[in-house]
Structure formats: C-alpha cells, structure tokens
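Not measured: the values here are computed from a predicted model. A note on names: the letters A, B, ... follow the listed sequences, proteins ahead of strands, and every chain is numbered from 1.
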Amino acid sequence: MNLNEKRVLLGMSGGTDSSVAAILLQQQGYEVVGVTFRFWDEQQDIEPGYIQEARELASHLNIEHHVYDAREKFQTEVIDYFIAEYLAGHTPFPCVKCNNSLKWKLLLILSEEYQCSKISTGHYALITEQNSFFYITEAADKEKDQTFFLWGLSQYILQKTVFPLGNFIKSEIRKIAAEKGFQRMAEKKDSMGICFCPGDYRDFLKKQESVKGKIKKGNFTDETGNFLGRHEGYFFYTIGQRHGLGIHLNKPVFVKEIIPDSNKVILAPIEEINQQEIILENYNLINQADFSDKFDIFTKINYRKQPTLSRITILDNLHLKVELQSPVMAVAPGQSAVFYRDGKVLGGGVIK
RNA sequence: UGUCUCAUGGUGUAAUGGUAGCACAACAGUUUUUGGUUCUGUUUGUCUAGGUUCGAAUCCUGGUGAGACAA
C-alpha cells in the first residue's frame with residue numbers, strides 16, 4: 001500500500017476542537033483529509049447540522065472532506081452494548097466502547113483508503129515514544145485531559161496517531177479559532193453527556209423496545225437482606241448512586257450492588273461501598289515490563305477523580321487484579337480503570 | 001378501664017417563655033465527551049380548641065392520636 005507520508009486523516013465532528021486540530025495540522029505541514037462520522041442522529045432523515053459545519057470548515061481550509069455513515073455500526077457496537085450492559089446490571093462506558101471498537105477502527109480503515117499515513121483527532125492528549133513503545137500521554141490542559149477514554153488503542157494505531165491539541169489549553173484553542181475567523185466555532189459550547197442519549201439515560205432506556213417489557217419494580221435491601229423499600233427496576237440504578245432512590249433512612253445510603261436475577265438493589269452506608277481490590281477484564285497493557293510487584297502505578301476509575309497508588313497483577317490473558325493503596329468508592333462493573341505513571345497511560349481495562 | 005410519657009417539614013430530631021435549626025429525602029443549578037459521586041441553592045413543619053403572657057413549640061385546661069406500665 002502506498003501511503004502519503006504527509007497526508008493525515010482527521011476525524012472532524014464539527015466542533016471547536018477538531019476544527020482547530022485541522023488548522024494546527026495544516027500549520028505543521030500536513031495535508032489534511034477530513035472525515036465526519038455520522039454515528040447517530042436525532043432525526044433519521046435529515047442531515048444533521050454538524051456535518052454541514054464540518055463540510056463548510058473543510059471547504060474554508062481547502063481540505064478534502066468525506067462523510068461516513070456509521071449509524072448501523074454505531075447501533076450494534078455502542079447502543080446495543082449500552083442497553084445490554086444496563087440489563088446485565090452493569091454501568092456501561094459508551095465513549096470508551098466507541099473509541100475501542102468503532103471510531104479508531106474506522107479511522108484506520110479509511111486512512112488507508114485515502115492514502116493517509118497518519119490518523120488524528122481533536123482529543124486533548126499527547127503521544128510519546130519510549131523504548132519503541134507508544135504511550136498516550138496527558139495533555140497540557142489537565143482540566144480537559146481525555147487520556148482516560150483512550151486506554152484501549154493498539155500500538156499499531158498509536159504509532160500512526162497525531163494529537164495536535166495536546167500542548168494547548170482550551171482557551172488557547174478557542175482563541176485560535178477566533179483568530180482564524182471562525183468566531184462561531186470559537187464560542188461553541190463543549191459537548192457533554194452521551195451523544196446518543198441527551199439527558200437522563202433512564203429516559204433513553206425506557207424508550208427502547210428491548211427494555212420496555214423488562215421494567216419491573218423490585219426491592220431495595222441492606223447488606224443482610226432486610227427490606228428497605230421499593231425500586232423502579234434494577235437497571236435504573238448504578239453503583240455508588242445516592243440520590244433518586246426515593247428512600248430516606250436519615251443517613252445517606254448508596255447503591256452497593258445490583259443483582260439482576262432477583263431484581264434486587266442493595267444499599268449501604270458510604271463506608272461499606274468502598275473497595276480496595278478490583279478485577280479487570282479485556283485489559284490492554286502497552287508494555288508488561290512497566291508493571292512490577294510494587295505499588296507504583298496510579299489507577300484512575302473516573303476521569304475526574306484523583307488517581308490512587310496501586311499494584312497490578314496479571315491473572316490470565318483476560319484478567320488483571322488491581323490492589324489499591326487506599327479504598328475508592330463506586331467501583332462499577334463496566335466502567336474503566338486506567339493506569340498512569342509519569343503522565344503516561346500504561347494501560348487499562350474494564351471493571352468486572 | 002386506671003396511671004404515666006409523648007405529639008415539631010415527607011422521615012428522624014433540636015430549640016431554658018424571645019428569629020423554629022440540623023440531618024436524611026425531594027427539587028433546581030453547577031461540574032462533565034460515560035454512569036455515579038461532589039458542590040451550591042430552594043421548597044415543605046410546631047396535632048386540635050381554648051387560656052395565661054408584651055411575647056407560647058415551650059406554661060395551663062379540654063379534645064384527638066401514639067406508646068409504656070397496671071389490671
């Protein structure tokens with residue numbers, strides 16, 4: 001295959017970040033090819049506005065632009081997964097699932113189709129190379145750092161990936177957009193929430209045909225099985241949840257465990273829901289030599305939480321054990337645990 | 001039936017005759033490319049009818065209700 005060294009395929013969402021990424025890549029001398037994925041639309045038949053915005057921007061910057069309709073793949077890889085996970089009593093992480101099983105795979109395939117040697121996105125992250133290994137590395141903007149979502153990318157992908165935003169902070173990115181004359185782009189609000197499920201995920205679940213027949217009220221109990229109240233259906237709750245239980249015990253209680261088989265949700269006071277050992281599955285480690293029997297790895301189980309010093313043990317091809325030096329709360333199956341050291345992502349996995 | 005104790009938001013409780021406060025829940029906002037967490041704010045109350053007092057959740061009387069003891 002003949003790939004052009006200076007051609008880069010950039011995922012363009014139509015938002016501020018990926019738009020400025022296009023500008024920065026051009027400044028770095030890349031020939032940018034833009035692709036906008038159509039993952040999910042509120043209205044099926046109308047071309048959504050973000051596609052038009054991306055197309056206009058590409059035209060302004062004089063770059064080649066493609067639209068890729070990935071709606072069917074997104075449905076099976078992300079939305080169906082999302083629903084199945086909740087029905088299994090887990091807490092899905094759709095953004096990680098999308099990155100791992102869809103977005104980057106498509107970027108890779110399309111990059112070859114368009115003869116691009118590099119892949120790029122508007123993520124706030126960096127890539128560093130060390131001992132011939134490529135590591136996702138924390139961005140300069142610690143507030144916006146998105147490395148937590150990218151732990152699953154393979155070496156083959158990382159070696160081809162460029163993150164032009166990693167050395168900038170958000171306000172600088174907005175400034176660049178404004179300076180280049182994209183005022184409206186500069187003022188766009190940050191995206192937030194799950195892209196296919198604006199608002200409360202519970203409302204989304206209630207609308208799904210595959211879920212409707214399964215909504216059954218059940219019992220809240222304490223850890224010893226004592227009845228505490230009634231709930232609306234186990235998959236409307238998530239580990240660590242405190243509010244919205246419709247139950248008052250004169251002290252705060254949190255969801256500790258969800259048992260789909262008996263439609264039971266177990267509640268406990270905060271000190272009972274902390275955990276110091278986590279089992280991960282479907283892990284991805286960049287270099288196993290990074291891991292020792294010492295507590296020298298920082299593990300994050302939420303992208304905004306402080307990392308916790310920990311020790312990682314490989315159990316088998318699928319499973320890892322994470323021992324934490326201090327307990328963390330709301331460890332929910334389906335969520336990600338990500339390992340860091342010196343700002344580098346050493347790997348991660350899905351909480352079992 | 002007799003004696004005693006108690007009655008404050010949705011729940012649990014605090015306030016010596018002087019601004020009815022706290023916790024939990026609920027609601028709203030904040031934060032956020034996941035869920036949850038956090039943070040901020042808001043709503044809601046003195047069982048009832050009288051009396052004493054400048055002033056009553058607080059003291060007095062009746063009623064209603066709950067609990068304990070007695071039988």
Side-chain angles (χ1 to χ4, degrees), chain A residues 11 13-18 21 37 39-40 50 74 78-79 81-104 121-125 139 141-152 165 170 173 188-205 220 228-231 234-258 265 267-271 273-275 300-306 308 327-338 348 350-351:
Chain A
S13 67
T16 314
D17 294 331
S18 59
F37 292 116
F39 285 131
W40 179 86
Y50 65 87
F74 190 79
V78 181
I79 298 182
Y81 145 86
F82 182 81
I83 295 166
E85 278 289 273
Y86 270 116
L87 292 180
H90 299 165
T91 307
F93 200 161
C95 297
V96 163
K97 177 70 175 167
C98 178
N99 285 337
N100 287 354
S101 335
L102 186 60
K103 193 182 285 175
W104 294 84
T121 66
H123 282 99
Y124 286 84
D141 190 336
K142 302 295 177 221
E143 292 292 308
K144 294 295 295 180
D145 178 75
Q146 290 166 325
T147 53
F148 186 74
F149 302 87
L150 300 169
W151 59 266
L165 303 193
K170 181 81 190 197
I173 296 301
K188 264 197 176 179
K189 267 198 79 177
D190 285 4
S191 65
M192 48 197 272
I194 308 173
C195 63
F196 58 89
C197 153
D200 198 323
Y201 79 87
R202 295 164 187 90
D203 295 332
F204 175 82
L205 285 180
F220 286 122
L228 295 178
R230 297 284 284 168
H231 66 68
Y234 68 89
F235 42 78
F236 292 131
Y237 304 88
T238 188
I239 307 281
Q241 178 175 344
R242 169 180 177 176
H243 295 114
L245 304 175
I247 196 175
H248 45 82
L249 299 176
N250 303 322
K251 63 175 184 206
V253 288
F254 300 78
V255 173
K256 177 176 176 151
E257 209 180 331
I258 294 168
V265 176
L267 305 179
I270 182 136
E271 58 272 15
I273 69 160
N274 292 330
Q275 222 170 297
K300 278 171 103 168
I301 61 155
N302 181 288
Y303 72 111
R304 293 192 71 81
K305 277 242 180 73
Q306 284 297 319
T308 307
V328 294
M329 81 159 271
V331 180
Q335 292 286 290
S336 289
V338 183
V350 177
I351 295 167

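- The side chain of R304(A) lies closest to rU31(B), out of rG35(B), rU31(B), rU33(B).
- Within 6.0 Å of atom NZ in K189(A), 12 or fewer heavy atoms from other residues, nucleotides or ligands are found, so the atom counts as exposed in its surroundings.
- Note on G334(A): nothing from the nucleic acid sits closer than 4.0 angstrom, heavy atoms only.
- For Q241(A), taking side-chain heavy atoms from C-beta onward, the closest of the listed nucleotides rU37(B), rC24(B), rU33(B) is rU37(B).
- Set against rU33(B), rU34(B), rU38(B), the side chain of K144(A) has rU33(B) as its closest nucleotide.
- Across rG9(B) and rU44(B), the matching P atoms stand 14 Å from one another, rounded to whole Å.
- Across all strands shown, F82(A) has no heavy atoms under 4.0 Å from either base or sugar-phosphate atoms.
- Between the P atom of rG36(B) and the NE2 atom of H90(A) lies a distance of 17 Å, rounded to the nearest Å.
- Checking each of F204(A), F39(A), W40(A) against F196(A) for a ring-ring contact (aromatic ring centres under 6.0 Å, His included) leaves exactly one that passes, namely F204(A).
- Whole-Å rounding puts the R230(A) CZ to rA25(B) P distance at 21 Å.
- Here, rG21(B) and rG41(B) have their P atoms 15 Å apart, quoted to the whole Å.
- Relative to the side chain of F93(A), the nucleotides rU34(B), rG35(B), rC24(B) differ in distance, and rU34(B) lies closest.
- Here rU33(B) presents its C1' atom at 18 Å from NZ of K97(A), a figure rounded to the nearest Å.
- Of the candidates rU31(B), rU11(B), rG35(B), rU11(B) carries the atom nearest the N250(A) side chain, counting heavy atoms from C-beta on.
- With hydrogens and angles ignored, a donor-acceptor pair closer than 3.5 Å exists between the side chain of Q335(A) and the base of rU34(B).
- Between D17(A) and K144(A), none of the side-chain N atoms (NZ, or NE/NH1/NH2) sits under 4.0 Å from a carboxylate O, so this pair counts as no salt bridge.
- Both I270(A) and K189(A) lie near RNA chain B, and the one whose nearest nucleotide falls closer to the 5' end is K189(A).
- Here, rC24(B) and rG45(B) have their C1' atoms 15 Å apart, quoted to the whole Å.
- Looking only at distances, no side-chain donor or acceptor of T91(A) sits under 3.5 Å from a matching main-chain atom of Q335(A).
- Between the P atom of rU31(B) and the NZ atom of K305(A) lies a distance of 19 Å, rounded to the nearest Å.
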Q: Given side-chain contact (heavy atoms from CB on, under 4.5 Å), test N99(A) with W104(A) step by step and report yes or no.
A: CA-CA 6 Å; N99(A) 285 337; W104(A) 294 84; 3.6 Å; yes
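- Base pairing analysis places rG2(B) opposite rC69(B); the two distances defining the Watson-Crick or G-U wobble pair are each below 3.5 Å.
- Nucleotides rG18(B) and rU58(B) have their P atoms positioned 11 Å apart, rounded to a whole Å.
- For F235(A) and Y86(A), the distance between ring centers is not under 6.0 angstrom.
- Taking the C1' atom of each, rU16(B) and rA23(B) are spaced 24 Å apart, rounded to whole Å.
- Listed nucleotides rG35(B), rU37(B), rU33(B) differ in distance to T238(A); the shortest reach to its side chain belongs to rG35(B).
- Going from atom OH of Y201(A) over to atom C1' of rU37(B) covers 13 Å, rounded to whole Å.
- At the heavy-atom level, L249(A) lies under 4.0 Å from the strands shown only through sugar-phosphate atoms.
- Pair assignment for rG35(B) gives none, since no Watson-Crick or G-U wobble pairing has each distance under 3.5 Å.
- Distance noted for atom C1' between rC59(B) and rG17(B): 8 Å (whole Å).
- Rounded to the nearest Å, the gap between the P atom of rA57(B) and that of rG63(B) is 23 Å.
- Side-chain N/O atoms of R242(A) include none lying less than 4.0 angstrom from OP1 or OP2 on rG35(B).
- Considering only the side chain of A332(A), rG35(B) comes nearest among rU38(B), rG35(B), rG10(B).
- In this structure, rC22(B) and rG12(B) make a Watson-Crick or G-U wobble pair, each of the two defining distances being under 3.5 angstrom.
- Nucleotide rC27(B): paired with rG41(B) (Watson-Crick or G-U wobble, both distances less than 3.5 Å).
- If you check every strand for non-hydrogen atoms under 4.0 Å, P252(A) touches sugar and phosphate atoms only.
- When each of I194(A) and G244(A) is assigned the nucleotide of RNA chain B bearing its nearest heavy atom, the one mapping closer to the 5' terminus is G244(A).
- Between N100(A) atom CG and rU33(B) atom C1' the separation is 14 Å, expressed in whole Å.
- Distance check on atom P: rU11(B) versus rU48(B) gives 15 Å, rounded to whole Å.
- Following rounding to the nearest Å, H243(A) (NE2) and rG41(B) (P) show an atom-to-atom distance of 14 Å.
- In this structure the side chain of I273(A) never reaches within 4.5 angstrom of the side chain of I239(A), judged on heavy atoms.
- Ring-plane geometry between F148(A) and F93(A) is classed as tilted, the angle between the planes lying from 30 to 60 degrees on a 0 to 90 degree scale.
- Across the protein-nucleic acid pair, E271(A) atom CD and rU37(B) atom P stand 17 Å apart, rounded to whole Å.
- Pair assignment for rU64(B): rA7(B), on the basis of Watson-Crick or G-U wobble contacts that are both within less than 3.5 Å.
- Considering only side-chain atoms of N302(A), the nucleotide from rA25(B), rG36(B), rU33(B) that sits closest is rG36(B).
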